[in-house]
Amino acid sequence: MPIASQLAAEGARVIVNGRSDNAVNSALEQVRKAVPRAKVEGFAGDLATATATENLLKRFPGVDILVNNLGIYEPKPFDEISDEDWRYVFDVNVLSGVRLSRAYVSGMKQRNWGRIIFISSESAVFTPKEMIHYGMTKTAQLAVSRGLAEHCGGTGVTVNAILPGPTHSAGLEEFVKQLGAGQSFEAFEKEFFKSIRPSSLLKRFETPDEIARLVTFVCSPIASAINGAALRVDGGVVSSCF
């Protein structure tokens, strides 16, 4: 939980979400281990659903910082992606953040301070052929974040998107199993950056900590002039400016 841990280390009161009690309790333990004096609470529920979002809002009606980091991905050939697959990945990756932002932005504007972050991806501008539906949702997040920043113009509320590159996250192990054909992680990583993401300058998977550092900075008061931006921490995968 690097983002939660780093925000907690800066003194923020952090709310951690997961789909199950076990997932939340594990996350809370990680944050408290990293930051012993962390002010951290948990909420279990699938925020891809409106019901869980409503329950969250009853318990936490207002926040100053919202990090929309809920997301799924799955490599699948384009001609095998069903309508249901398209809808589900959009609900999870896009609508979850839309609902939470809609719920919390008014309070932020009234207090004249707030931060909304969408964790997008380099896939927003470099759509991966092995999971086009995922890339679509990451592009959609850029549109939502920019439009929401316009909506908050002239206030102390900023809205930005963060674009990580390929990251050694919890879901990567399953990704390697699906595409790696039995390779070791080290062999897969080398081949991945040789043939699938050859434009990467880093030539390795990023760590969640490396992404969390940028998120923490953008959430801080000293980042007040960074607004409506798509901020890349992608290891140089995207070679053009945008």
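These numbers come from the heavy atoms of this one structure, side chains and all, not from hydrogens, waters or symmetry mates. All of these numbers come straight from a predicted model, not from anything done at the bench.
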Where do Val40 and Val35 land on the side chain to side chain contact (heavy atoms under 4.5 Å, CB included) test, with the steps shown first?
CA-CA 10 Å; Val40 59; Val35 187; over 6 Å; no

Would you call Leu148 and Ile116 a side-chain contact if the rule is heavy atoms closer than 4.5 Å?
yes

Do Leu163 and Asp234 have side chains that get closer than 4.5 Å, going by heavy atoms?
no

For Gly11 and Lys39, which heavy atoms make the closest approach, and how far apart are they?
O-NZ, 3.3 Å

Nearest heavy-atom contact between Thr167 and Pro164 is OG1-CB, 4.0 Å

Output the distance between atom CD (Glu54) and atom CZ (Arg99), rounded to the nearest 0.5 Å.
9.0 Å

First locate atom CD1 of Ile211, then atom CD1 of Ile3, and finally report the distance between them rounded to the nearest 0.5 Å.
7.5 Å

Tell me whether Phe193 shares a hydrophobic cluster with Phe185, the cluster being built from Ile, Leu, Val, Met, Phe, Trp, Tyr side chains joined at under 4.5 Å.
yes

Please tabulate, one pair per line, all N/O donor-acceptor pairs under 3.5 Å involving side-chain atoms of residues 44-52, not counting sequence neighbours.
| from | atom 1 | to | atom 2 | distance (Å) |
| --- | --- | --- | --- | --- |
| Asp46 | OD1 | Ala48 | N | 3.0 |
| Thr49 | OG1 | Asp46 | O | 2.7 |
| Thr49 | OG1 | Ala52 | N | 3.3 |

Does Glu189 use its side chain to pair, donor to acceptor, with the backbone of Phe205 at less than 3.5 Å?
yes

Distance in Å, Trp86 CH2 paired with His133 NE2, rounded so as to fall on 0.5 Å steps
7.5 Å

What about Val94 and Leu66, same hydrophobic cluster or not, with Ile/Leu/Val/Met/Phe/Trp/Tyr joined at side-chain heavy-atom distances under 4.5 Å?
yes

Report the residue from Asn68, Val98, Val159 that forms a side chain to side chain contact (heavy atoms under 4.5 Å, CB included) with Val144.
Val98

Nearest 0.5 angstrom please: Met131 CE to Ile72 CD1, how far?
11.5 Å

For Ile65 and Val63, run side chain to side chain contact (heavy atoms under 4.5 Å, CB included): C-alpha distance rounded to whole Å, both residues' side-chain angles, the deciding distance at 0.1 Å, then the answer.
CA-CA 6 Å; Ile65 297 171; Val63 299; over 6 Å; no

Main-chain N/O of Gly135 paired to Thr139 side chain as donor or acceptor, under 3.5 Å:
yes

Would you say Tyr88 ends up clustered with Leu70 if hydrophobic residues are merged whenever their side chains have heavy atoms under 4.5 Å apart, either directly or through other cluster members?
yes

Tell me if the CZ atom of Arg37 is crowded by more than 12 foreign heavy atoms within 6.0 Å.
no

Can you confirm whether more than 12 heavy atoms, excluding those of Lys190, are under 6.0 Å from its NZ atom?
no

Selection residues 135-153 - residue pairs positive for salt bridge (charged side-chain N to carboxylate O under 4.0 Å, His left out), sequence neighbours left out:
Arg146-Glu150

ILVMFWY network linking Val218 to Val14, side-chain heavy atoms under 4.5 angstrom:
yes

Return yes if some donor-acceptor pair links the side-chain N/O of Ser26 with the main-chain N/O of Asn22 below 3.5 Å, else return no.
no

Non-hydrogen atoms of Val16 and Ala27 that approach each other most closely
CG1-CB, 3.6 Å

Could you work out, with side-chain contact (heavy atoms from CB on, under 4.5 Å) as the rule, every residue matching Ala103, not counting sequence neighbours?
Leu57

Could you tell me if the side chain of Arg115 sits less than 4.5 Å from the side chain of Ser224, heavy atoms only?
yes

Output for pair (Ile162 CD1, Leu214 CG), nearest 0.5 Å, gives 4.0 Å

On a heavy-atom basis, the closest approach of Ala161 and Leu142 is CB-CD2, 3.6 Å

Locate the shortest heavy-atom distance separating Gln141 from Asn93; write the atom from each residue and the value.
NE2-O, 2.9 Å

Contact between Asn69 and Val215 at the side-chain level, heavy atoms closer than 4.5 Å - yes or no?
no

Main-chain N/O of Ile226 paired to Asn160 side chain as donor or acceptor, under 3.5 Å:
yes

Note: Glu210-Arg204 ion pair, threshold 4.0 Å (strictly below):
yes

Does the Ser200 side chain pair with the main chain of Leu202, one donor and one acceptor, at a distance under 3.5 Å?
yes

Scanning both residues in full, the closest heavy-atom pair of Trp113 with Val157 reads C-CG2, 3.9 Å

Asp64 side, atom CG; Arg13 side, atom CZ - distance, nearest 0.5 Å
10.0 Å

Short N-O contact, Glu206 and Arg232, less than 4.0 angstrom
no

Quick one: does any side-chain atom of Asn227 pair with a main-chain N or O of Thr158 as donor and acceptor, under 3.5 Å?
no

Got a sec, which pairs hit salt bridge (charged side-chain N to carboxylate O under 4.0 Å, His left out) with one end in residues 75-93, sequence neighbours left out?
Glu74-Lys76, Lys76-Asp85

Return the set of residues passing side chain to side chain donor-acceptor pair (under 3.5 Å) with Ser121 (not counting sequence neighbours), or none when no residue passes.
Ser123

So, do Ile15 and Arg59 sit near enough that their side-chain heavy atoms are less than 4.5 Å apart?
no

Test side-chain contact (heavy atoms from CB on, under 4.5 Å) applied to Thr216 - qualifying residues, sequence neighbours left out
Gln6, Leu7, Glu10

Yes or no on side chain to side chain contact (heavy atoms under 4.5 Å, CB included) for Glu130 and Ile196, after CA distance, side-chain angles and deciding distance?
CA-CA 10 Å; Glu130 70 273 10; Ile196 299 179; 4.1 Å; yes

Mind checking whether Val92 and Phe118 sit in one hydrophobic cluster, side chains of I, L, V, M, F, W, Y counted as touching below 4.5 Å?
yes

Within the side chain of Ser5, is there an N or O that forms a donor-acceptor pair under 3.5 Å with the backbone of Pro2?
no

Applying side chain to side chain contact (heavy atoms under 4.5 Å, CB included), run through Phe43 and Asn55 and close with a yes or a no.
CA-CA 9 Å; Phe43 175 83; Asn55 292 334; 4.0 Å; yes

Glu191 atom CD, over 12 foreign heavy atoms within 6.0 Å:
yes

Could you tell me whether a side-chain N or O of Lys109 sits under 3.5 Å from a main-chain N or O of Gly156, the two making a donor and an acceptor?
no

